[in-house]
Amino acid sequence: MTIRILPPDVAAKIAAGEVVERPASVVKELVENAIDAGARTIRVEIQGGGKRLIRVMDDGGGIAAEEVPLAFARHATSKLASVEDLSRVMTLGFRGEALASIAAVSQLTLVSRPAAQPAATRIRLEGGQQLALGAAGSPGGTIITVENLFYNVPARLKFLKADATEAAHIHRIVSHYALAYPQIRFALQSDNRLTFQTNGSGELFDTLAAVFDLETARQMILVEYSEPERTGGEEAKRGRDEQNRNEPHFLASSLHVSSPPLSVHGYAGAPALHRGARDQLIFFVNRRWIQDRSLNQAVVQAYHTFLPVGRFPVAVLNIEIDPAEVDVNVHPTKAEVKFRDPREIFKAVQKGVRAAVTAAAPVPAYGGHSPLTYSFAGDFGGHAGDTAPWHTAFGGHSGSGFSQFGFEAQRTLPLPGAAGSEGERQFLESSPSQAMPLMRVVGQIQQMYIVAEGPDGLYLIDQHAAHERVLYEKLTAQKAQAAVARQQMLEPVVVELSPGHAALLEAEWDALTEVGFELEPFGGTTYRLRAVPEMLSRADPARALVDILAEMADGAIPLARETHEKIAITVCKRASIKGGQILSPEEMRELVRQLEATSAPRTCPHGRPTMIHMSAAQLAREFGRV
Ligand code: ADP
Ligand code: MG
């Protein structure tokens, strides 16, 4: 083939592909535009997971009539004038690509009216071609309707997932922006059903309660951290680090090359609040939602020894830095950023979260106390600063979200000698807070629960959840030593997969190999299974593989590094004893003994409890003995 320049419409579609990957990308761009336009209320409506229709309505500044067609030109933006502006960009958009890209791959209608203009302007585009332009009636603000996304890019359309999956991605985008902007009222309506909304009160706590739930929000601890005034230049920086150890404020006042301080604000979960995946570690940089593995790691490390193995904390954090310190122009979707000094950001996040978590760490029971009680002794805030910094920093409303729920009064300073002291820390770090007492098995009920007696009362153990935990830790240990037990097939089993499952298998090849599957391509979507994880050796191997792929395929698509984890959990789930299985006394004793030996015996890998405890005191109370 000879070299040719692509026709403009082909080039436009290719470029659009970088910005618009799926309906959620459209929602992201449109919501960002609404925020940049100063909206106080943003309403998102979707139909068919956003594939059929996406509508974003805002009450922001609108677009002047004469500029409406221009907004759809590529590289047309009102947010940036020069290259230098890039280093101080405070708006979410700046590339001037979103509207052009979205219009190129959909049927789009925009109606917009700046408050000062008597009438709104309406424009209609299909596949990037302007079909209509005229006046229309509308309240102030902007309404953009995107229909039939990718109608002219069948290759992309094919890759879209089920409506529910695409809707879940959209929900994630909207809820994350709601967290970053508690003072904006957000609403999301999916197939005419309101699925999410925030009240725009400006209280991050209210938004946390809307995004997670009230119970989760109540278990979040305020994180408030600022670096002392920072100075420019490596030389000065090293000097500052030296000085900071003794005299944190000395250099800030004596050196003049200073930049705005680095701060980390938000909420992080109390240690009792943990999840099976990292997807609830949410970061913003200057209120732009970003994804960054190393920041995930910073938070996870801050919880070191506070969380059971394989469990992840929950955190919502905004990093406020000088825009010159971060490059947001790394990728067309702007979801990843580059920090000038990533280590410094890492340390600030880790220190901020660690300080908050340590201050709020549970007071462990010394002697006599049931290890199941995981009390916070009312110590929620742990931090001296009492205003909610999120709002202060963002210029929103002041006052803590906690006060509304009466938590303020419960905040206490850590007791002397309690959390934070050296002895206490050693105690915390050496004794797993989740430890399980030795138990005597009494029997089994409903072919599902083991009844056991411990030093303090009655325990009911879920045999399936308990076995999952045992297998999961075994597999994790084997994986860590790269010595996963696998069972070779006498005859390789030929498995024919659906194209979707085959694609998934190719994508997760490493993760599947890591847990013990040994596979070999056998033409098309057919594979030969040569070995399976040993713990699955009694199952029908082909069935097990297909089931695991099916489980991977549905639900939100985990990030690459989580799929390894998810596959391991799924293997354990399949391999473990089910409810409905009668266990002999020996089998029950063995299971309980193995559970005792795990590092987090109280929860299964999915985070559900493995056991329920009724203390002797509770029993006495229930029977009216006290
Ligand atoms: P960018 O956001 O990078 O500037 P976009 O293609 O997303 O590029 O938008 C182009 C321009 O259209 C913006 O710079 C802004 O001036 C205008 N615009 C887009 N959406 C809105 C909106 N909801 N309200 C007001 N102006 C908007
Ligand atoms: Mg934009």
Side-chain angles (χ1 to χ4, degrees), residues 12-13 15-21 23-45 54-83 85-106 108-117 119-125 128 130 133 136 138-146 149 173-174 177 180-181 184-187 286-290 323 327-335 337:
K13 279 189 206 169
E18 291 190 348
V19 180
V20 187
E21 189 192 343
S25 347
V26 172
V27 172
K28 174 176 185 286
E29 294 296 336
L30 298 183
V31 165
E32 287 187 351
N33 281 348
I35 294 171
D36 283 345
R40 309 291 305 175
T41 304
I42 299 174
R43 192 175 171 84
V44 181
E45 286 175 18
I54 296 167
R55 177 174 293 139
V56 177
M57 294 179 262
D58 71 60
D59 57 357
I63 308 175
E66 64 278 11
E67 292 187 348
V68 166
L70 187 60
F72 290 91
R74 192 160 294 278
H75 312 304
T77 178
S78 56
K79 303 170 192 174
L80 203 74
S82 68
V83 174
D85 286 351
L86 256 184
S87 64
R88 33 178 190 265
V89 59
M90 284 306 273
T91 49
L92 295 168
F94 53 85
R95 297 174 58 105
E97 279 183 329
L99 290 186
S101 298
I102 297 166
V105 293
S106 71
L108 185 151
T109 311
L110 171 140
V111 178
S112 187
R113 181 169 81 85
Q117 217 174 267
T121 314
R122 179 179 177 280
I123 190 172
R124 168 87 179 166
L125 298 99
Q130 182 177 320
L133 176 69
S138 162
T142 303
I143 304 172
I144 300 189
T145 309
V146 176
L149 183 66
I173 294 280
V174 175
Y177 275 104
Y181 292 86
I184 298 179
R185 268 154 48 101
F186 282 88
N286 296 337
R287 291 213 272 178
R288 175 193 302 284
W289 177 37
I290 58 140
D327 184 359
V328 287
N329 191 26
V330 180
H331 191 263
T333 64
K334 300 162 288 174
V337 297

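Note that ligands are numbered from 1 as they come in the structure, with each ligand's atoms numbered from 1 the same way.
Residue T77 does not count as close to the Mg ion (ligand 2), with no N, O or S atom under 2.8 Å.
In the vicinity of F94, heavy-atom distances shorter than 4.0 Å reach the ligand 1 atoms 1 (P), 3 (O). Short contacts between ligand 1 and G93, defined as distances under 4.0 Å to a heavy atom of the residue, involve ligand atoms 2 (O), 3 (O). Counting atoms of ligand 1 from 1 in the listed order, those under 4.0 Å from a heavy atom of D58 are 22 (C), 23 (N). For ligand 1, the atoms closer than 4.0 angstrom to any heavy atom of R95 are 3 (O).
The backbone of E97, and not its side chain, has at least one atom closer than 4.0 Å to an atom of ligand 1 (non-hydrogen atoms only; backbone = N, CA, C, O).
The side-chain heavy atoms of N286 and V328, taken from C-beta on, include no pair separated by under 4.5 Å. Inter-residue side-chain proximity for F186 and V31 is flagged as met; some heavy-atom pair is nearer than 4.5 Å. Side-chain contact check for I63 versus L110: some heavy-atom pair is nearer than 4.5 Å.
Closest heavy-atom approach to atom 10 (C) of ligand 1 among the candidates A76, G96, G61: A76. Between atom 26 (N) of ligand 1 and the options T142, I63, I144, L99, the minimum heavy-atom separation is to I63. The heavy atom nearest to atom 12 (O) of ligand 1, out of those in A34, A71, A37, is found in A71.
Looking at ligand 1, you'll find an N or O of N33 within less than 3.5 Å of one of its N or O atoms. In terms of polar-atom proximity, E29 is not counted as a contact of ligand 1, lacking any N or O under 3.5 Å from an N or O of the ligand.
For atom 4 (O) of ligand 1, the closest heavy atom belonging to the protein is T77 OG1, 2.5 Å. In terms of protein heavy-atom proximity, atom 16 (O) of ligand 1 is nearest to S78 OG, 2.5 Å.
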Would you be so kind as to tabulate the donor-acceptor pairs closer than 3.5 Å made by side chains of residues 65-76, with sequence neighbours excluded?
residue, atom, partner, partner atom, Å
R74, NH1, S101, OG, 3.4

